[in-house]
Structure formats: C-alpha cells, structure tokens
Amino acid sequence: MLDIKFIRENPEAVKQGVENKNEKDRVDELLEIDQRRRDIIIHADELKSRRNQASAQIPQMKKSGQDVSGVLAEMKRVSDEIAGLDSSLRNLETELENLLMYIPNLPHSSVPVGKSAEDNVEVRKWYPDNFSLDEKEKMLDHIELGKKLRILDFERGAKISGSGFPLYIGRGATLERALINFMLDYHLQNHGYSEVFPPFLVNRDSMKGTGQIPKMEEDMYHIEKDELFPIPTAEVPITNIYRNDIINESELPIKYVGYSACFRREAGSYGKESKGFLRVHQFNKVEMVKFVKPETSYDELEKLVGDAEDILRALKIPYRVLLLCTGDLSFSAAKCYDIETWSPAENRWLEASSCSNFENFQARRANIRFRNEATKKPEFVHTLNGSGLATSRLMVSILENYQTAEGKIIVPEVLQKYTGFNIIE
RNA sequence: GGAGAGAUGGCAGAGUGGUUGAAUGCGGCGGUCUUGAAAACCGUUAAGGAUGCAAGUCCUUCCGGGGUUCGAAUCCCUGUCUCUCCGCCA
C-alpha cells in the first residue's frame, strides 16, 4: 500500500497514477476519513494525557490521606469518553485501511502511459540461430503432440480434478521435472540466488502482504475450514519470509529462488483461451524474489529480467521482452517486464514470465524493513519478483519448437542430462 | 485428537493492580584510560502515531482481540503460536 502521508501530501500525483492504472479513484474519500481520524486522535490523546497524570496522582494522594473520590469520579467520565473516541477511531482506521488496500501502487516515471496490452512496448526480442517466425511446417500444437506422444493427458486430468488440472505422463512428467531442476540449478549456479522450498498453503496475512488480497480474493483458492490459501505463486510465501522483520542492511540484497506449484481459480475465463496449457488452475513455476535497498531496485529489476532471459537462451526458445504500460500493470507493481515465448502452432507469443519491481508497496503492507546503517532507522525495503519461469507456457513453446517433421520431440540439449533421454517419440 | 506449560526490548531473563517503556545480564554504539587493542569504568541503546519549520511535546505498544478497573505487562474471556507428555501417522 501507499504511505498515507504521501497521499496526503501528493493527492494529485496519486490520482493521476490511479487513473493511469485504470483503477477507481477514491482518494478524496480516503483523505476525508484521514482528516476525521486525526481530529479524533488529537482529542483522545489530550484525554489520555490527563488520565495518565491522574494515575500518577491518585496513589500519592492516597498515601497522604487525601480524599480521591472526586478525582475518581472525574476519571470515570474521562475514561468513558476515551472509550467512545477509541471505538470510533477503530472504525475509522478499519475504513481507512480498507480504502488504502484498494489503492494501487503508482507506476514508475519510466513506464509508458497506456490503456491496455495494446500499448505495451516491445523492448527486445531474441531468436536462436536459423530461426524464423514464418516456419509453418511445424503444425501440431502442444495438445496434439501431448496426446500423440502420450505425455500429456488433459482429459484424465479433468477426470481426476476438473478442467485446468494437467496430468503429465511418462516422458512428459520427466521433462517437466527436468525443466524445473534445470532452472533452479541455473539460477543457483549462475545468478547467485539462494534456494528456498516454501509452503504451498499460506494464511490471510501473507496474502495481504503481497497484495493478492483483498483485491484479487475471488481469483484465489480458499480453504475455509483452516483459513488457508493455496498459493497463486511462490512470490507469496517467499516475500512473506521477512514479514514484520527488520533486516540488517549488510544482508541486502537478498535473492531467493524457489519452485512451487501455483493455484489459480481463473474465475470467469473460459473458451478458447483456456485450452491445454494456455490457462490452467495448477501449474509449476520457478520464482525469483529479491529484497533490496531502495536505491538499487531498478538496477535489480533489469538484472532480474536478464536472469529469466538467460534460461530461454540456454533452452534456445525464441522470446520477446515487453515493457508493460500503466494500464496493463498489475495492482502492486511500479514497473513490470513480461517475457513471452513463441508458439509456432498458435502463431503467437505466450506470456511465460513477469518481472516486477514493487518498490516499497509490498514491504509496507508486509512490514518488511531494513536498518539503515547511516541513519540507524528502519526503512522499508524494495521487493521484486519474477518468474524464472512458469513451465506451462514454456512447455508449449518447447514442445512446439522442438518437434520434428515426424511429430517427435527433441529434448533441448541443456535438459538432456536431467531427463536421461534426448527424444520423445 | 487428549492433557499440561509458556509467549516480556537485538538476545537472555525479572516483574502478579499504581510515576514499569519496563530491573538485571549479554550484545551494540559513544567516551575515559592505552602507542594500539583487550580489560575496567562512565554514558547510551525500541517501534509506531499525532502535533510542530524545528527543537520538542503528547499518545500507543510487554503474542493478537475483547473485558474488569479511576488505573492492567500484572486479573478474566478468547484467538494464534511454541514447548512437554499421550494417541495417530508419511
């Protein structure tokens, strides 16, 4: 969330940012409640100060044998009034908090203003040698390939759980596992991350901390009996590792990489977009999360994107990098790059990674701070995360790009030592 | 799942109704001493909020929430978590 003081002092900038993100502007409403809240605090604090004085006075008066009944009666009235003020204060603060939770992060000044995905800016693209987007002979899509080679079974996945829960079989399952292990090892060995293996179910505070709740609550699975949420991304448990902590400045930057299954309800999205791997309720993802000092976060964002790109270059998968415009930026992000991989059968780009700088938006919600060694004061860290990468969309690109004329799949070279085989037929 | 114990500052650990934001020890920081360091000694060492140009002043906070009271770290209720024992279990 944003700092209420910042909103108070820069209402116009906040309104502009909210508008550019296509979010509802409730800034004036918020400021009005903030003003009422502060008025009550001033009044209540005066009364509490009086009560504290009396608390010190009463035992002394008793000791010297004075009659305290008058003070007691007065304090009774004061305490009742304080109780009333505190109660309305609590209500206002809840209201304020709720409004604040729905104000998105503001886009960074380097983010292009735009309405929708149409306005995203392509930053760069990369093709392996001898690659052309016009190659049309590879016509089987990943669903047909999966069925023909008996490596993916979407129908049985649907029987077991429901649509959108893919079942990997045989070499398909091995390939998936190889991909996850390859990506983890690559980031650990080449990019300086530490490995984490997080819980897949988290509590409400964690979901709030990273910003999935309250705005996206409808898209989250929710286990009511235990008040737990299956994670939509490892970003949630990993970022929350330091919730309510103060980190030593010398420990920054902290860089974690971890695998998790990801669960998304994807409420209301059906139709052709949802076939096969294109939109699923459960998928696998290797996630990178960074905790950094504020002044370094934009450099760290560029490195983060580069780390994800390295995986695709090693796999020799064609991709492009998009800088998202304000209108396409997610609620919590200040700046975000998407990486899309090429699907020859779909004849289009598929989002396989999203790398974002949240600045201190998540840190403020989750109360993640570091101690500034110069000032000795705690400050909010900046958090970033990026997929490195999601396997589902990536698997589409791998299967389709690596298919032979006979409909077999060559295993990408870097994965062969993980799979133990080099062809799926 | 059953029974019991506990949660206090960076850490350890006192504190069972009244100047307790909290003894004491350790750690950290500053200083004295020293050629330097150690030791010793002295001082200092929380976070959040309101207000103010600032210095400052005031308020809140002893796991979370509610209650009793003029007054709660301290008493009552409740939630969460941790530990011990029993049961179950990969």
Side-chain angles (χ1 to χ4, degrees), chain A residues 1-9 30-101 197-209 213 222-229 237 240-252 254 261 360-361 363-381:
Chain A
M1 65 189 153
L2 297 180
D3 184 358
I4 181 68
K5 283 185 206 156
F6 178 84
I7 300 175
R8 214 183 276 155
E9 285 156 22
L30 183 115
L31 288 176
E32 197 245 306
I33 291 172
D34 176 52
Q35 186 55 53
R36 278 161 58 201
R37 168 181 157 268
R38 285 187 293 157
D39 290 344
I40 290 183
I41 288 175
I42 291 170
H43 191 190
D45 278 2
E46 280 171 12
L47 294 174
K48 284 175 183 174
S49 181
R50 169 73 192 112
R51 181 176 68 184
N52 288 343
Q53 283 172 20
S55 282
Q57 222 177 348
I58 289 169
Q60 289 187 345
M61 289 172 72
K62 279 185 177 174
K63 210 178 283 179
S64 60
Q66 295 178 59
D67 175 28
V68 293
S69 58
V71 187
L72 255 43
E74 187 208 340
M75 284 306 110
K76 177 69 180 159
R77 285 195 304 274
V78 168
S79 279
D80 286 348
E81 195 176 349
I82 289 173
L85 289 172
D86 274 350
S87 157
S88 26
L89 189 60
R90 263 197 303 278
N91 292 337
L92 282 176
E93 284 187 333
T94 306
E95 223 175 309
L96 188 68
E97 177 96 335
N98 286 340
L99 278 175
L100 216 44
M101 290 294 244
F197 206 127
F200 292 180
L201 301 181
V202 299
N203 59 30
R204 182 171 288 271
D205 284 343
S206 293
M207 292 291 268
K208 275 188 179 175
I213 279 179
H222 183 194
I223 302 168
E224 286 184 25
K225 195 171 178 186
D226 299 291
E227 191 54 16
L228 289 169
F229 298 82
N240 277 282
I241 289 174
Y242 292 106
R243 176 152 46 84
N244 291 331
D245 277 353
I246 299 177
I247 303 167
N248 289 331
E249 183 177 334
S250 58
E251 290 173 51
L252 299 178
I254 294 171
N360 66 21
F361 189 84
R364 190 182 305 280
R365 283 187 169 225
N367 194 26
I368 305 170
R369 294 171 294 175
F370 73 100
R371 193 171 297 280
N372 184 317
E373 280 171 11
T375 64
K376 305 285 182 203
K377 290 290 168 194
E379 287 177 30
F380 291 112
V381 299

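Computed from heavy atoms alone, side chains included, the values below leave out hydrogens, waters and symmetry copies. The structure presented is a predicted model; accordingly, all values stated were derived computationally and were not measured. Just so we're on the same page: letters track the sequence lines, and every chain starts at 1.
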- Item | Salt bridge A:Asp205-A:Arg365, side-chain N to carboxylate O under 4.0 Å | no
- Query: Has A:Ser79 got a side-chain N or O lying under 4.0 Å from the OP1 or OP2 atom of B:U69?
  - Reply: no
- Do A:Glu32 and A:Arg36 meet the salt-bridge criterion of a basic N to acidic O distance under 4.0 Å? yes
- Assign A:Arg90 to base, sugar-phosphate, or nothing according to its heavy-atom contacts below 4.0 angstrom with the strands shown. sugar-phosphate
- If pairing requires Watson-Crick or G-U wobble contacts with both distances under 3.5 Å, which nucleotide is the partner of B:U16? none
- Answer yes or no: is there a side-chain heavy-atom contact under 4.5 Å between A:Ile247 and A:Arg371? no
- Nearest-neighbour nucleotide for the A:Pro59 side chain, B:A50, B:G18, B:C59 considered: B:G18
- Query: Are A:Arg204 and A:Glu227 close enough, and set up right, to give a salt bridge (charged side-chain N to carboxylate O under 4.0 Å, His left out), and what steps lead you there?
  - Reply: CA-CA 7 Å; A:Arg204 182 171 288 271; A:Glu227 191 54 16; 2.7 Å; yes
- Any strand: nucleotide that pairs with B:G21 via Watson-Crick or wobble, under 3.5 Å: none
- Query: Is A:Gln60 touching bases, backbone alone, or none of the nucleic acid, heavy atoms closer than 4.0 Å?
  - Reply: base
- Task: Name the closest nucleotide to the A:Pro378 side chain, picking from B:A50, B:U60, B:G48.
- Result: B:G48
- Determine whether A:Val381 and A:Leu252 make a side-chain contact, defined as any pair of heavy atoms from C-beta on separated by less than 4.5 Å. yes
- Message: Pick the closest RNA chain B nucleotide for A:Arg50 and for A:Leu72 by heavy atoms, then say which residue is nearer the 5' end.
- Response: A:Arg50
- Message: Counting only Watson-Crick pairs (N1-N3 plus N6-O4 or O6-N4) and G-U wobbles (N1-O2, O6-N3), all under 3.5 Å, who is the partner of B:G36?
- Response: none
- Query: When the C1' atoms of B:C75 and B:C62 are considered, how many whole Å apart are they?
  - Reply: 16 Å
- Any side-chain heavy atom of A:Leu100 sitting closer than 4.5 Å to one from A:Ile7? yes
- Task: Can you tell me the pairing partner of B:A46 across any strand shown, Watson-Crick or G-U wobble, with both distances under 3.5 angstrom?
- Result: B:U61
- Hunt down the Watson-Crick or G-U wobble partner of B:A72, both distances under 3.5 Å, from any strand shown, or write none. none
- Distance, P atom - from B:A73 to B:G18, rounded to whole angstrom: 11 Å
- Query: Using a cut-off of less than 4.0 Å, is there contact between a side-chain N or O of A:Lys377 and OP1 or OP2 of B:A46?
  - Reply: no
- How far, in whole Å, is B:C41 from B:G25 if one measures between their P atoms? 10 Å
- Answer yes or no: is there an ion pair linking A:Asp86 with A:Arg90, defined by an N-O contact shorter than 4.0 Å? no
- Message: B:U51, OP1 or OP2 - any side-chain N/O from A:Arg38 closer than 4.0 Å?
- Response: yes
- Message: At less than 4.0 Å, is any side-chain N or O atom of A:Ser49 found next to OP1 or OP2 of B:C59? Yes or no.
- Response: yes
- What distance, rounded to whole Å, do you find between the two P atoms, one in B:C29 and one in B:A37? 14 Å
- Between A:Tyr242 and A:Asn240, is any pair of side-chain heavy atoms under 4.5 Å apart? no
- Query: So what's B:C83 paired with, Watson-Crick or G-U wobble, going by both distances under 3.5 Å?
  - Reply: B:G4
- Item | Pairwise 5' ranking along RNA chain B for A:Lys76 and A:Glu46, keeping only the more 5' one | A:Glu46
- Message: Less than 4.0 angstrom between a side-chain N/O of A:Arg371 and OP1 or OP2 of B:G28, yes or no?
- Response: no
- Message: Taking B:A39 as the reference, what is the distance to B:U32 when you measure between their C1' atoms (whole Å, please)?
- Response: 13 Å
- Pairwise P distance, B:G10 and B:G2 [rounded to whole Å]: 36 Å
- Query: Is B:C88 paired to anything, Watson-Crick or G-U wobble with both distances less than 3.5 Å, and if yes, which nucleotide?
  - Reply: none
- Message: For a quick check of understanding: with a heavy-atom distance under 4.0 Å over all strands, which category does A:Arg8 fall into, base, sugar-phosphate or nothing?
- Response: sugar-phosphate
- Message: Rounding to an integer number of angstrom, what distance separates B:C88 and B:G79 when you compare their C1' atoms?
- Response: 26 Å
- Modelled atom types, side-chain donor and acceptor of A:Asn248 and A:Ser250, under 3.5 Å: no
- Give one of base, sugar-phosphate or nothing for A:Ile58, where a contact means two heavy atoms less than 4.0 Å apart. base
- Message: Check the phosphate of B:U60 against A:Asn52, side-chain N and O only, distance under 4.0 Å to OP1 or OP2. Yes or no?
- Response: yes
- What is the distance, rounded to the nearest whole Å, between atom CG of A:Asp39 and atom P of B:U51? 9 Å
- A:Ser55 side chain, from C-beta outward: closest of B:U60, B:G18, B:A50: B:G18
- Message: Which nucleotide, if any, forms a Watson-Crick or G-U wobble pair with B:U51, using both distances under 3.5 Å?
- Response: B:G56
- Message: Tell me whether A:Arg369 is salt-bridged to A:Glu379, with the criterion being a basic N under 4.0 Å from an acidic carboxylate O.
- Response: no
Close N or O pairs between protein and nucleotides 53-56 of chain B (under 3.5 Å):
none

- Message: In whole Å, measure the gap between the C1' atoms of B:C53 and B:G43 for me.
- Response: 32 Å
